[in-house]
Amino acid sequence: MSDDDPSRAVGRPVRLLLVSDTHVPLRARRLPDELLRETDRADVVLHAGDWVDVATLDLLEGRARRLIGVFGNNDGAELRTRLPEVARVELGGLRFGVVHETGPARGREARCAALYPDLDVLVFGHSHIPWDSEAPGGPRLLNPGSPTDRRRQPHRTFMTCVVADGALGEVVLHRLPVR
């Protein structure tokens, strides 16, 4: 990383791509083109686990300016060797955490506030259900859903957002076309 890396500077906007549960090749043969275009635009890509194959990790590592990822419950030994269970990083003046599982939806905010009191934003996956909430006294919780497996949702999804001046903004849930 160079000294002018925007993901490390407070005050300079940092564009983030949030993704989880890619499940390649079990749920899709490849990542959607829309997601790859956003990867190219992002300053930082945060992946909340369930990659399933090492090739997807290699692809995003090679394509992203900066990649922060964790392993999920469907990730095997090779992915678990290369990725942590929980990642923590400061981006644009905010403290982010990335984890795959946060447990059931009921009680999630209180549970995450207790587990991650030092974070401003927690990105998580596992459910394939997009989520955006505030934990009272704790982090903002964001789940980007899945770009490859919509499960019981109407669309496959991912999120983008911008961090500027220590604030999270422009959080957008991107819905992918039905295929």
Nearest non-hydrogen partners of [X] and [Y], listed with the distance:
X      : Y      : value
Arg65  : Ala42  : NH1-O, 2.9 Å
Asn143 : Ser127 : ND2-OG, 3.2 Å
Pro147 : Arg156 : O-NH1, 3.1 Å
Val162 : Pro13  : CG1-CB, 4.0 Å

#### Entry: Residue pair His47, Thr22: steps toward the side-chain hydrogen bond (donor to acceptor under 3.5 Å, both in side chains) verdict
CA-CA 9 Å; His47 191 300; Thr22 45; 3.1 Å; yes

### Query
So, does Trp51 use its side chain to make a donor-acceptor pair with the main chain of Val70 at under 3.5 Å?
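Checked: pair present.
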
#### Entry: More than 12 heavy atoms from other groups under 6.0 Å of CD on Glu134
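Result for CD/Glu134: enclosed.
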
### Parallel, tilted or perpendicular: rings of His174 and Phe158 (30°, 60°)
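Ring orientation, 0 to 90° scale: parallel.
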
So do the side chains of [X] and [Y] get within less than 4.5 Å of each other, counting heavy atoms only?
X      : Y      : answer
Thr157 : Pro144 : no
Val89  : Val44  : no
Ser20  : His100 : yes

### Query
If Ile, Leu, Val, Met, Phe, Trp and Tyr residues are connected whenever their side-chain heavy atoms lie under 4.5 Å apart, and connections chain through other members, are Phe96 and Leu67 in the same group?
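No, no single cluster joins them.
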
### Message
With clusters defined by side-chain heavy atoms of hydrophobic residues (ILVMFWY) lying less than 4.5 Å apart, directly or transitively, does Val98 cluster with Tyr116?
### Response
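Tyr116 does not cluster with Val98.
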
Are any of the side-chain nitrogens in [X] or [Y] under 4.0 Å away from the carboxylate oxygens of its partner?
X     : Y      : answer
Arg82 : Glu61  : yes
Arg63 : Asp40  : yes
Asp21 : Arg151 : no

### Query
Considering the options Asp120, Leu168, Val121, Leu46, which one meets the side-chain contact (heavy atoms from CB on, under 4.5 Å) requirement together with Leu91?
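Of the listed residues Asp120, Leu168, Val121, Leu46, the side-chain contact (heavy atoms from CB on, under 4.5 Å) partner of Leu91 is Leu46.
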
